[in-house]
Amino acid sequence: MKTIKEILGSRKPYSVSPDMSVRSVVDYLVEKQVGAVAVCEGANPVGVFSERDLMRRVVNAGLDPDATPVSQVMTKDVVSVEMGAPHSKAMSLMLDKNFRHLAVRDSDGRFKGFVSIRDLLEVDLAEARELIARLNDNYYHHEFDQRRTP
């Protein structure tokens, strides 16, 4: 089973400051091609801003993205997982709390980036494909050996 560190790989942690406008943060999300970003004071995450926050707390609420600071509409509870955790722990957290992005911290508590539900599902899919291939190999190998036995 893969660890979060293996899934995260060499990705860089993306972050913004709390005083940035929602428009600036959305531009940053688009530039970096990510769905969520940490809102940090220094190196410490104080919130998360995601596509879901944009839709629910800005667009649906009719707020002006140019005049709204991201700190006003971010998710304030930063839930995280340690890098050494198995991917199943992250999956459980995300499913239990209905998140699509989960912050990752090292053993010293420093923010290292995000894993997405897509990242975790890709691991599950790869593991399932590998298992199917092994089962097929074993089945067909067994069938071939059975035919050769007089």
Show me the side-chain donor-acceptor pairs of residues 4-29 shorter than 3.5 Å, one per line, residues at least two apart or across chains.
unit_1, atom_1, unit_2, atom_2, d
E6, OE1, T3, N, 2.7
E6, OE1, T3, OG1, 3.4
R11, NH1, F114, O, 3.2
R11, NH1, D119, OD2, 3.0
R11, NH2, I7, O, 3.3
R11, NH2, D119, OD1, 3.3
R11, NH2, D119, OD2, 3.2
S17, OG, D19, OD1, 2.5
S21, OG, S24, N, 3.1
S21, OG, S24, OG, 3.0
R23, NE, D66, OD1, 2.9
R23, NH2, D66, OD2, 3.3

How far does [atom1] of [X] sit from [atom2] of [Y], to the nearest 0.5 angstrom?
X: T68; Y: L54; atom1: OG1; atom2: CG; value: 10.5 Å
X: F49; Y: T75; atom1: CZ; atom2: OG1; value: 9.0 Å
X: R52; Y: R56; atom1: CZ; atom2: CZ; value: 5.0 Å
X: M83; Y: D106; atom1: CE; atom2: CG; value: 7.0 Å
X: S50; Y: H101; atom1: OG; atom2: NE2; value: 7.0 Å
X: L102; Y: K97; atom1: CG; atom2: NZ; value: 10.0 Å

CG/D77: more than 12 non-hydrogen atoms of other groups inside 6.0 Å: no

Just wondering, do [Y] and [X] contact through their side chains at under 4.5 Å, heavy atoms?
X: M94; Y: L120; answer: yes
X: E122; Y: E127; answer: no
X: V104; Y: E82; answer: no
X: M91; Y: P86; answer: no
X: K89; Y: V81; answer: yes

Backbone of V73 reached by a side-chain donor or acceptor of R57 within 3.5 Å: yes

Look only at the side chain of D96 and the backbone of L93, and say whether a donor-acceptor pair between them is shorter than 3.5 Å. no

Please walk me through it: do M74 and V46 pass side-chain contact (heavy atoms from CB on, under 4.5 Å)? CA-CA 9 Å; M74 69 185 182; V46 294; 4.0 Å; yes

